[in-house]
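So that the names make sense, note that chain A is the first sequence line, chain B the second, and so on, each numbered from 1.
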There are 2 protein chains.
Amino acid sequence: MADLARLAGVSVATVSRALNGSPEVSLATRQRIGELARSLNYTVNIGAKNLRTKQNRTVAVVIPYDEQSRQHITDPFFLAMLGSLADALTDRGFDLLLSRVDSGYLAAASQLYESGAVIGTVLIGQWRHHAQLNALAQRGAPLVVWGAQLPQQVYCSVGGDNLAGGQLATRHLIERGGRRIVFMGDPSLPEVAQRLAGYHQALAEAGIAPDPALQLNVPFETGQARAALTRLIESGIAFDAIFACSDVLAISSMQLLRLYGRAVPQQVLVVGYDDIEWASHADPPLTTVRQPIAAAGIEIVQALFDGVAGQPTPPRTLPVELVVRQSSLR
Amino acid sequence: MADLARLAGVSVATVSRALNGSPEVSLATRQRIGELARSLNYTVNIGAKNLRTKQNRTVAVVIPYDEQSRQHITDPFFLAMLGSLADALTDRGFDLLLSRVDSGYLAAASQLYESGAVIGTVLIGQWRHHAQLNALAQRGAPLVVWGAQLPQQVYCSVGGDNLAGGQLATRHLIERGGRRIVFMGDPSLPEVAQRLAGYHQALAEAGIAPDPALQLNVPFETGQARAALTRLIESGIAFDAIFACSDVLAISSMQLLRLYGRAVPQQVLVVGYDDIEWASHADPPLTTVRQPIAAAGIEIVQALFDGVAGQPTPPRTLPVELVVRQSSLR
DNA sequence: ATGAAAGCGCTAACAC
DNA sequence: GTGTTAGCGCTTTCAT
């Protein structure tokens, strides 16, 4: 900037003002300096600017990972959320700092904030970390978590309406003739627990007694899910429908069912969750509960900015919607 | 830090040294300061540190988007690459700044560098921007592009061996009895052009004359691809195999073929490209050319760091491999 | 309308 | 082993 000032024959103060479009500096010099900067490929050093102004236009997006599995971000749903956040932030002129932190030590997520690198943090994946997240929020970092709304929650969460989602899916399966409906998902995750509650409510409404044998407690990871479903099939326990807590699980299950000669939807109805792009390309196209991904990105970002501005940030629940395709149409 | 110094009864210089683990400061005070900092949730302001030391531990990953379609990052392959890069950078203690820039104005990608926000840039998706990328590289920013190696290339590219991939896929289809092999992809993209060249070579080896009617020039976007394939089917032109330049295209095509009562693999063999996670869950499981995604992340990051260090960064081509599943096994 | 100068939080000579 | 001080590149009062 000093160079620029010298070349323009003015002081750095003027250059700074000009580059920031201050009306104090005459239009002529403002333009002259602007063009000089452009021709020199000069850009204000963002670090110095941030240091001086104590502001900052970047947001951290944290995806926790299991220390053991050390797995790559892989579920298309997470990735779609990431894209949605990227778009929402880009629209507001903010950058996105992608960070992976050990899920056992989420406190690391706040370092980005405490070191002044970001103005706040978005965490995708609440998992089992409710307490850790509360602790994190209490350290003062603006934080928004994609996940379920829980009792005694200090942090702000934005999430789909999981209870309604579970009900929607299950009611639909019942309407279509399902009576022995398998539930697939890991209820130790808050979001899944709520979907399970919706499943139970819908069963109760229809006067169907839930059979614990049909509740498959499997993580969002196809390997174990396939094993569990295989055991179920081979045990000979009857079922005529599946409500899976993710599309990945649902599609993987449909494939397995085919292997065992069970036709979808003729013999088994299937409903998934998320409505990832693949759901409509599955065979048969998958009925699923659509999560409002684009809206989610916008809401999350809005909530985060509210938090940064010191405004209250109540948890938000976004509506979900049932998308009926052929996997549930007998 | 001044506060910390006061509380510890030392000067800021000592605190700085202690926090950076300098052996000059006595172990006792070093530990004392360390614990004090921890108890205060204090973290060195990274912006100020970067400003002073003129270093920086963040890398920009840019995903261009079309100004028109303004579409979300959506192809699972891109997202998998992103995950791989995130892992590779995390392993080296670097942060990843995710940025979306208008593909018509890629020069914007260098701003992150010129403003000192990042030490270099990784661009996923070479598309048609060879010239722009060259210009970008010439501005001095360390840049690595995932894509094909091209003549007169100034920037460093890391990519799969597209020529071999095209050959592998096509030879396999021929071995399996394919004679009239459809090619799907947009040859205006360098990577696809190389795969097409491989396709042509394999045809020539087998003495099969290429039929231009079988070359479907469609983008990586299923809508147009489906339209083109539909036209081909309805035109009555015979074909017995498809080589699609992405798994998304391939799976979408299989779905369409089923609609038209063409059995895969009995009537039409299909091979895809990328080996995204979904390929093995498709129906039938998709034979495909595997891109080395995990290795790619590591290579890209290595190349970028070489560039930052001022070392030469020749383009790198990574081996691909054919993964045979049922979609091509008649 | 423009300039001089202080200071954002940190590190690294250089002194002691 | 520790303190003093200059300065990274910028913005912003306060003067003029």
Side-chain angles (χ1 to χ4, degrees), chain A residues 1-38 40-58 95 110-119 140-141, chain B residues 1-38 40-58 95 110-119 140-141:
Chain A
M1 186 179 261
D3 297 353
L4 240 184
R6 205 170 335 104
L7 286 169
V10 294
S11 71
V12 285
T14 304
V15 173
S16 173
R17 280 192 274 252
L19 259 24
N20 286 306
S22 158
E24 283 185 23
V25 50
S26 77
L27 190 67
T29 47
R30 222 188 304 167
Q31 288 180 335
R32 188 161 49 90
I33 292 173
E35 278 170 31
L36 199 55
R38 211 164 307 119
L40 263 52
N41 272 340
Y42 169 83
T43 310
V44 169
N45 182 302
I46 196 73
K49 177 174 192 156
N50 289 345
L51 180 58
R52 176 63 228 232
T53 60
K54 291 166 171 295
Q55 54 141 40
N56 185 331
R57 292 184 81 80
T58 118
D95 286 323
S110 68
Q111 253 181 272
L112 256 10
Y113 172 74
E114 274 147 16
S115 73
V118 301
I119 57 160
Chain B
M1 186 179 257
D3 298 353
L4 239 184
R6 205 170 334 106
L7 286 169
V10 294
S11 71
V12 286
T14 304
V15 173
S16 174
R17 281 191 275 253
L19 259 22
N20 286 307
S22 158
E24 284 185 20
V25 50
S26 78
L27 190 66
T29 47
R30 220 188 305 167
Q31 287 180 335
R32 189 161 49 89
I33 291 173
E35 280 171 29
L36 199 55
R38 213 164 305 119
L40 264 51
N41 272 340
Y42 170 82
T43 310
V44 169
N45 182 302
I46 196 73
K49 178 174 190 155
N50 288 344
L51 179 59
R52 176 63 229 231
T53 60
K54 291 165 170 296
Q55 53 142 38
N56 185 331
R57 292 184 81 79
T58 116
D95 287 322
S110 68
Q111 252 183 272
L112 255 11
Y113 172 75
E114 275 148 15
S115 73
V118 302
I119 58 161

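- Here the straight-line distance linking atom CD of B/Gln111 with atom CG of A/Asn41 works out to 9.5 Å at 0.5 Å rounding.
- Looking at every heavy atom in both residues, B/Ser11 comes nearest to B/Ala5 through C-CB, 3.7 Å.
- Taking each heavy atom of B/Val12 and B/Ala2 in turn, the nearest pair found is CG1-CA, 3.7 Å.
- Less than 4.0 Å separates DNA chain C from at least one heavy atom of each of the following residues of residues 40-56 of chain A: A/Leu51, A/Arg52, A/Lys54.
- Closest non-hydrogen pair, B/Ala18 versus B/Ile33, comes out as CB-CD1, 3.7 Å.
- Note that the OG1 atom of A/Thr14 and the CE atom of A/Met1 stand 10.5 Å from one another [nearest 0.5 Å].
- Bounding nucleotides for the chain A contact on DNA chain D, 5' to 3', at a heavy-atom distance below 4.0 Å, are D/dG9 to D/dT13.
- Non-hydrogen atoms lying under 4.0 Å from DNA chain C are contributed by B/Ala13, B/Ser16, B/Arg17, all within residues 4-17 of chain B.
- For the contact set between residues 23-31 of chain B and DNA chain C, defined by any heavy atom under 4.0 Å, there are no members.
- In this structure, CG on A/Asp3 lies 8.0 Å from CG on A/Leu40, to the nearest 0.5 angstrom.
- Taking each heavy atom of B/Leu19 and B/Ala37 in turn, the nearest pair found is CD1-CB, 4.4 Å.
- Across A/Val118 and A/Tyr113, no two heavy atoms sit closer than the pair O-CD1, 3.6 Å.
- For the pair B/Val15/B/Leu36, no side-chain contact is recorded, criterion being any heavy-atom separation below 4.5 Å from C-beta on.
- Note on the helix from C/dA1-D/dT16 to C/dC16-D/dG1: angle between the axes of the first and last five pairs equals 40°, rounded to 10 degrees.
- Across the protein-nucleic acid pair, A/Ile33 atom CD1 and C/dA1 atom C1' stand 11 Å apart, rounded to whole Å.
- For residues 49-58 of chain A, every residue pair satisfying the side-chain hydrogen bond (donor to acceptor under 3.5 Å, both in side chains) rule, not counting sequence neighbours, is listed here: A/Asn20-A/Lys49.
- Contact annotation: the side chain of A/Leu112 approaches that of B/Asp95 to within less than 4.5 Å [non-hydrogen atoms, C-beta and beyond].
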